[in-house]
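A short write-up of the structure that comes next.
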2 protein chains.
Amino acid sequence: MQKEIPLTAVSSEKAVDPSNDKEFELYESKFKALADKKRLQIMNILTQKGSMCVCDLAPMMNMTQSKLSYHLKILWDANILTKETRGTWSYYDINTEEINHLLSHELCCIFKPSCC
Amino acid sequence: MQKEIPLTAVSSEKAVDPSNDKEFELYESKFKALADKKRLQIMNILTQKGSMCVCDLAPMMNMTQSKLSYHLKILWDANILTKETRGTWSYYDINTEEINHLLSHELCCIFKPSCC
DNA sequence: TGAATTGATCAAATTATCTTGATATATTAA
DNA sequence: TTAATATATCAAGATAATTTGATCAATTCA
């Protein structure tokens, strides 16, 4: 039974192509952002209602401000949401371009404005 | 600052539509399966090489059998991989239909056989 | 100006996921 | 039939993600 050994010690035949490594890391982070029911609900609301500030989204999500900001940051960091600050308000919205790049047309219908 | 309260106590205006709840849970589980670099690498190898047994995949992934089986099960549970048992071997492969349903055409090129 | 609101962030507690080594069952090969 | 191989699964420990309540800075409103 083989133990894990450093990539450098593995023949080039056997090793996973390291050129894709950064790409996989990128998609890992994006799918991690999508891998949460609450965050999918946030996306769905923004898809239907459009740009929204935290204080309006919080009661719709039935979430405390702190928790909601935590989840919004994860989606924003993954470039799945855009954010626009006006005064003391932060308006978040779906980043349609990113969604289109990631998800199938079918899923776009759930998470992308004016798709279907 | 609003505390979280049970959905039943929230007006229908404010509450998240519960009819989508099961759907979001489903996608959550699928994106969770995708949200791991090692699992994306597994998918990429299967995309390129086609159906493969655990004992052939293990050295390519530079992973112990136990760990690899753990990750394969997660992908299989999410219906992202198919599994065919022949004797004592288990052959895993990409479930192209599911991948197409989830991911954009661009991503299919990375994770879907003969796409681009 | 002073009080209230908005939203980001922090630390601690909780919960979920991943890794590891061991074991068990089934099958194949000698 | 015995030994070796293939794979799944388990329990324990290690890591990572989430929740909670508090605090802070920057507005906005009265």
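In the text below, chain A, chain B and the rest are named by the order of the sequence lines, each starting its count at 1.
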Completion exercise
Testing D:dA8, C:dA8, C:dC18 for proximity to the side chain of A:Val54, the answer is C:dA8

Handout entry: Atom-pair distance (CE on B:Met52; C1' on D:dT7), nearest Å
Key = 17 Å

Handout entry: Integer-rounded Å distance: D:dT20 C1' and A:Asn62 CG
Key = 15 Å

Handout entry: Interatomic distance where CG belongs to A:Leu72 and C1' belongs to D:dA17 [whole Å]
Key = 17 Å

All N/O pairs under 3.5 Å across the protein-nucleotides 15-17 of chain C interface:
{"from": "C:dT17", "atom 1": "OP1", "to": "B:Lys32", "atom 2": "NZ", "distance (Å)": "3.3"}

Exercise for the section: Can you tell me the distance, in whole Å, between the CG atom of B:Leu68 and the P atom of D:dT9? Expected result: 14 Å

Handout entry: N or O in side chain of B:His71 less than 4.0 angstrom from C:dT19 OP1/OP2
Key = yes

Practice task
Could you tell me the separation between the CH2 atom of B:Trp76 and the C1' atom of D:dT7, rounded to a whole number of Å?
Solution key: 13 Å

Practice task
Output yes when B:Lys30 and B:Glu28 qualify as a salt bridge under the 4.0 Å nitrogen-oxygen rule, no when they do not.
Solution key: no

Practice task
Run through B:Ile99, B:Ile94, B:Asn95 and flag the one making a side-chain contact (heavy atoms from CB on, under 4.5 Å) with B:Leu81.
Solution key: B:Ile94

Practice task
Record whether the side chain of A:Thr64 comes under 3.5 Å of the base of D:dT19 through a donor-acceptor pair of N or O atoms.
Solution key: no

Exercise for the section: Would you tell me if any nitrogen or oxygen in the side chain of A:Lys38 comes within less than 4.0 Å of OP1 or OP2 on D:dT18? Expected result: no

Fill in the blank from the handout: Applying salt bridge (Lys or Arg N to Asp or Glu O under 4.0 Å) to B:Glu97 and not counting sequence neighbours gives none

Completion exercise
Here the distance between atom P of C:dC18 and atom CE of B:Met63, to the nearest Å, is 11 Å

Fill in the blank from the handout: In whole angstroms, the gap separating C1' of D:dA16 from NZ of B:Lys37 amounts to 15 Å

Practice task
State whether a side-chain donor-acceptor pair under 3.5 Å links B:Asp21 with A:Gln41.
Solution key: yes

Exercise for the section: Look at the side-chain N and O atoms of B:Lys73 and state whether any lies under 4.0 Å from the OP1 or OP2 oxygen of D:dA8. Expected result: no

Exercise for the section: Ignoring hydrogens and angles, answer whether the base of D:dA6 and the side-chain atoms of B:Gln65 contain a donor-acceptor pair closer than 3.5 Å. Expected result: no

Exercise for the section: Establish whether B:Met43 and B:Met63 are linked, either directly or via other cluster members, by ILVMFWY side-chain heavy-atom contacts under 4.5 Å. Expected result: yes

Problem - Which residues share a side chain to side chain donor-acceptor pair (under 3.5 Å) with A:Thr82, sequence neighbours left out - result: none

Problem - Between C:dA8 (P) and A:Leu75 (CG): distance, integer Å - result: 13 Å

Practice task
Kindly state which residues belonging to residues 86-95 of chain A come within less than 4.0 angstrom of DNA chain C, counting heavy atoms of the residue only, listed by number.
Solution key: A:Thr88, A:Trp89, A:Ser90, A:Tyr92

Handout entry: Test salt bridge (Lys or Arg N to Asp or Glu O under 4.0 Å) applied to A:Lys73 - qualifying residues, sequence neighbours left out
Key = A:Asp77

Problem - Selected nucleotide, minimal atom distance to B:Ser66 side chain, candidates D:dT19, C:dA22, C:dT9 - result: C:dA22

Practice task
Give a yes/no answer on whether the side chain of B:Lys67 brings an N or O atom under 4.0 Å of OP1 or OP2 in C:dG21.
Solution key: no

Fill in the blank from the handout: Those residues at least two apart in sequence (or on a different chain) that pass side chain to side chain donor-acceptor pair (under 3.5 Å) with B:Glu25 are A:Lys37

Practice task
Check whether any side-chain heavy atom of A:Asn100 lies under 4.5 Å from a side-chain heavy atom of A:Cys108, and answer yes or no.
Solution key: yes

Exercise for the section: Just say parallel, tilted or perpendicular for the rings of B:Phe31 and A:Phe31, cut-offs at 30° and 60°. Expected result: parallel

